[in-house]
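Numbers restart at 1 for each chain; the letters A, B, ... are given by sequence-line order, proteins then strands. Below, each value reflects all heavy atoms present in this structure, side chains not excepted, and no hydrogens, waters or symmetry copies.
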Amino acid sequence: MTRVTVRARFSPAPTGFLHVGGARTALFNWLFARHEGGTFVLRIEDTDPALSRDELIDGIQRTMRWLGIDWDEGPHRQSQRGEAYRSAATRLRETGNAYYCDCSRDDVQARTKGDSGYDGWCRDRGLTSGALRFRAPDEGETVVHDLIRGDVTFDHATIEDFVIERTDGTAVFLLANAVDDMDMAMTHVIRGEDLLASTPKVLLIRGALGDTQPPLYAHLPLIVNEKRQKLSKRRDDVAVEEYRERGFLPEAMRNYLALLGWSPADDREIVPIEEMVAEFRIEDVKPSPAFFDVKKLEAINGEYIRALPVATFVRESLPWLETDPPWPPECFDLAVFEAVAPFVQERARTLAEVPSLVDFLFLEEPVVDEAAWDKSIGRSPSAEALLDGALAAYRDCHWDTEELHRVTAALADRNGLKLAKAQAPIRVAITGRSVGPPLFESLHVLGRERTLTRLRRAKDRLSSSS
RNA sequence: GGCCCCAUCGUCUAGUGGCCGAGGACACCACCCUCUCAAGGUGGCGACACGGGUUCGAAUCCCGUUGGGGCUGCCA
């Protein structure tokens, strides 16, 4: 008994950086192949010379590696397989399954009668050059067996004679796709639903080429925007690389992507990749479109950030702290950041948020949120007394977190305020904001001198404005 | 226009004829915890598009309607 090994592939057209839809398709193919113990192939569909650029192809591979999606074979490049497509095209022509057509775009338009497209005018003109068209059968039907949608039937009367080879002799994707999937012995074709309508054409080509064992198909639901349209490069934020730059972790991105159309058992959502591989079944993928919800991505990213060992969090944050920081680069102090890292880690939903949570530590003067200043100092009747009190108390107390907490609580007491209220003006004076890491830890790492200086400056500003 | 796909809370989903007066998560609201914020805890809001069937019984099966989407290129 022969056991056929599963072979799946991700075959993107390098139209730019890898987008979230492509990444999800790659991920599902990868999960499927790994679950089945099969082979995962990467194939670049660059039959259009405009797309056959190394930098675009490198970008796709870089992003896949970042996501942890590795491949066993490839990348194969369709731009380098012209010979195979040419010989297939020749065979199709010789067997009467394809013919040359010299109709211009306008001619085709004029010859499109009714609802079934181009009427096949050139079928019997005996041309010896032009674009090569596949002679689609006029009767019968082709059934696509889809693992997610069941059988999908296409009436041949609705399939026009379509171009498989351009006038310049290069193959269009339908031909390349059919030939490659046959040559590369793909057993499963998992791709976006937008390709479902072209599947019967590929099947027809394969049949004409003598194929007797078509692959099993699975057309994944599209990922859509808030208007429920297919994600578009123009309107939507689709580049995975961009999410990376916005501070998302690859594990979080991958986890979120997996949740679009598929779901792990037992109401779990944060799932280690090994468990996904163990559980993933292509038949369980839902057929309906899914909205790409950045809010949820952020929530998941936050969970992954919090789960990181502190040292890893520090290391992962470095690029955001060292590249275009909001402070003079020479003022950054890794030891200081490490001291507050545990508190920052719990508050950041993306790594890109990290700098704004610690900027007051590396800036000569904090960036003041005017609304916060106004609320906690400008219009606060007790602000002056609290700033004075803090100045006095911090001047010679022990400089550690517990002591700062204690003397500030006492100060609040003396002013008849809850600590929560009393710390507000101090926080704004020191950090410039009303939110951030715990105050006493912040003061502790900031140091006595800078704390006192900032309190004095806040006092000066307050008195000069009143 | 034609062909095709899809249809459970705002969003992602669980649900495959009775366990569903529909469960979880994100978002939102309230409360608790608390030095702010976050995290965490508790509770709340909130959905089976509609109409026919089939069945003792339907979110689950069938048909239709409506709505949304994809494709319709010598792009992929």
Side-chain angles (χ1 to χ4, degrees), chain A residues 11-15 45-48 50-51 78 101-105 108 112 114-117 130-133 144 146 148-149 152-155 157-160 162-174 176-177 191-200 219 221-222 224 226-230 256 259-270 286-300 302-303 306 343-349 357 372 376 404-405 408-409 412 418-424 426-428 431 433-442:
Chain A
S11 49
T15 55
E45 307 227 328
D46 57 350
T47 56
D48 181 341
L51 304 181
Q78 292 191 327
C101 166
D102 62 359
C103 291
S104 66
R105 204 189 159 92
V108 172
T112 294
D115 300 317
S116 51
L132 196 62
R133 276 183 191 278
V144 177
D146 192 286
I148 295 172
R149 289 152 215 284
V152 182
T153 304
F154 294 84
D155 191 327
T158 67
I159 299 175
E160 64 183 324
F162 51 93
V163 172
I164 55 176
E165 193 180 79
R166 305 184 183 92
T167 301
D168 67 5
T170 58
V172 303
F173 93 102
L174 290 166
N177 200 279
R191 27 132 72 151
E193 196 211 308
D194 50 345
L195 291 165
L196 178 54
S198 72
T199 305
H219 287 92
L222 259 22
V224 300
E226 62 287 342
K227 287 157 74 180
R228 304 247 116 214
Q229 295 166 320
K230 178 167 83 162
Y256 176 65
L259 261 21
L260 260 24
W262 179 75
S263 64
D266 305 321
D267 289 329
R268 289 171 304 145
E269 292 202 318
I270 306 295
K286 270 188 40 137
S288 49
F291 169 63
F292 189 84
D293 188 354
V294 181
K295 279 277 199 301
K296 180 130 184 176
L297 207 209
E298 285 174 348
I300 290 175
E303 295 221 34
R306 269 174 261 130
F343 309 109
V344 175
Q345 180 174 7
E346 194 162 296
R347 290 164 175 74
R349 287 162 80 84
L357 287 164
S376 300
L404 285 164
H405 190 157
T408 308
K418 294 255 191 198
L419 180 52
K421 275 285 186 190
Q423 60 87 43
I426 300 172
R427 176 183 296 280
V428 173
T431 72
R433 306 171 198 273
S434 58
V435 302
L439 182 61
F440 308 122
E441 279 80 356
S442 297

Applying a 4.0 Å non-hydrogen cut-off, can you work out what A:Gly302 is touching in the nucleic acid: base, sugar-phosphate, or nothing? nothing
Identify whether any heavy atom of A:Phe173 sits under 4.0 Å from a base atom; if not, whether one sits that close to sugar-phosphate; answer base, sugar-phosphate or nothing. base
Picking from B:C26, B:C71, B:G24, the nucleotide nearest the side-chain atoms of A:Asp267 would be B:G24
Just call it for A:Leu195: base, sugar-phosphate, or nothing, with non-hydrogen atoms closer than 4.0 Å on any strand. base
Just call it for A:Phe154: base, sugar-phosphate, or nothing, with non-hydrogen atoms closer than 4.0 Å on any strand. sugar-phosphate
Please list each protein N or O that sits under 3.5 Å from an N or O in nucleotides 37-40 of chain B, with the distance.
unit_1	atom_1	unit_2	atom_2	d
B:C37	O2	A:Arg347	NE	2.5
B:C37	O2	A:Gly436	O	3.4
B:C37	N3	A:Arg347	NE	3.0
B:C37	N3	A:Arg347	NH2	2.5
B:C37	N4	A:Arg347	NH2	3.1
B:A38	O2'	A:Glu346	O	2.8
B:A38	N1	A:Glu346	OE2	3.2
B:A38	N3	A:Glu346	OE2	3.1
B:A39	O3'	A:Arg306	NH1	3.4

A:Arg228 side-chain N/O to B:C12 phosphate OP1/OP2 under 4.0 Å: yes
Can you tell me the base-pairing partner of B:U55? Count Watson-Crick or G-U wobble geometry only, both distances below 3.5 Å, and say none if there is no partner. none
Counting only Watson-Crick pairs (N1-N3 plus N6-O4 or O6-N4) and G-U wobbles (N1-O2, O6-N3), all under 3.5 Å, who is the partner of B:G43? B:C29
Check whether the side chain of A:Glu160 and the base of B:C3 form a donor-acceptor pair under 3.5 Å. no
Determine the contact category for A:His219: base if any of its heavy atoms lies under 4.0 Å from a base atom, sugar-phosphate if only primed atoms, P, OP1 or OP2 are that close, otherwise nothing. nothing
Nearest to the side chain of A:Ser288, which nucleotide is it out of B:C35, B:G70, B:A7? B:A7
Relative to each other, are the rings of A:Phe292 and A:Tyr256 parallel, tilted or perpendicular (30° and 60° limits)? perpendicular
Taking a pair to mean Watson-Crick or G-U wobble geometry with both distances below 3.5 Å, B:A22 pairs with none
According to a strict under-4.0 Å criterion, is A:Thr47 in side-chain N/O contact with OP1 or OP2 of B:A76? yes
Have a look at A:Arg427 and say if it touches a base, only the backbone sugar-phosphate, or nothing, with a 4.0 Å heavy-atom cut-off. base
Measuring to OP1 and OP2 of B:A14, would you say a side-chain N or O of A:Ser263 lies under 4.0 angstrom away? yes
For B:A7, the nucleotide meeting Watson-Crick or G-U wobble distances (both under 3.5 Å) is B:U66
Using a cut-off of 4.0 Å on non-hydrogen atoms, how would the nucleic acid contact of A:Ala299 be classed: base, sugar-phosphate, or nothing? sugar-phosphate
Considering only atom P, compute the distance from B:G68 to B:A49 and round it to an integer number of Å. 16 Å
Please state whether the phosphate of B:C12, meaning OP1 or OP2, lies under 4.0 angstrom from any side-chain nitrogen or oxygen of A:Lys295. no
Name the nucleic acid region contacted by A:Ser376, choosing base, sugar-phosphate or nothing; use a 4.0 angstrom heavy-atom cut-off, strictly under. nothing
Which distance, rounded to the nearest 0.5 Å, do you find between the OG of A:Ser442 and the CG of A:Leu357? 10.0 Å
Could you check which of B:U36, B:U11, B:C12 has an atom nearest any side-chain atom of A:Glu269? B:C12
Side chain of A:Lys296, base of B:A27: donor and acceptor closer than 3.5 Å? no
So which nucleotide from B:C6, B:C35, B:C3 ends up closest to the side chain of A:Thr158? B:C3
Report yes or no: do A:Thr199 and A:Arg191 form a side-chain donor-acceptor pair below 3.5 Å? yes
A:Gln229 (side chain) and B:G70 (base): donor-acceptor pair under 3.5 Å: no
Any base atoms under 4.0 Å from A:Leu259, or only sugar-phosphate, or nothing? Heavy atoms, all strands. sugar-phosphate
Does the B:C74 base have a donor-acceptor partner in the side chain of A:Thr167 within less than 3.5 Å? yes
So which atom in A:Pro437 and which in A:Val344 form the shortest heavy-atom distance, rounded to 0.1 Å? CG-CG2, 4.4 Å
Please list, for nucleotides 30-33 of chain B, all pairs of protein and nucleotide N/O atoms separated by less than 3.5 Å.
none

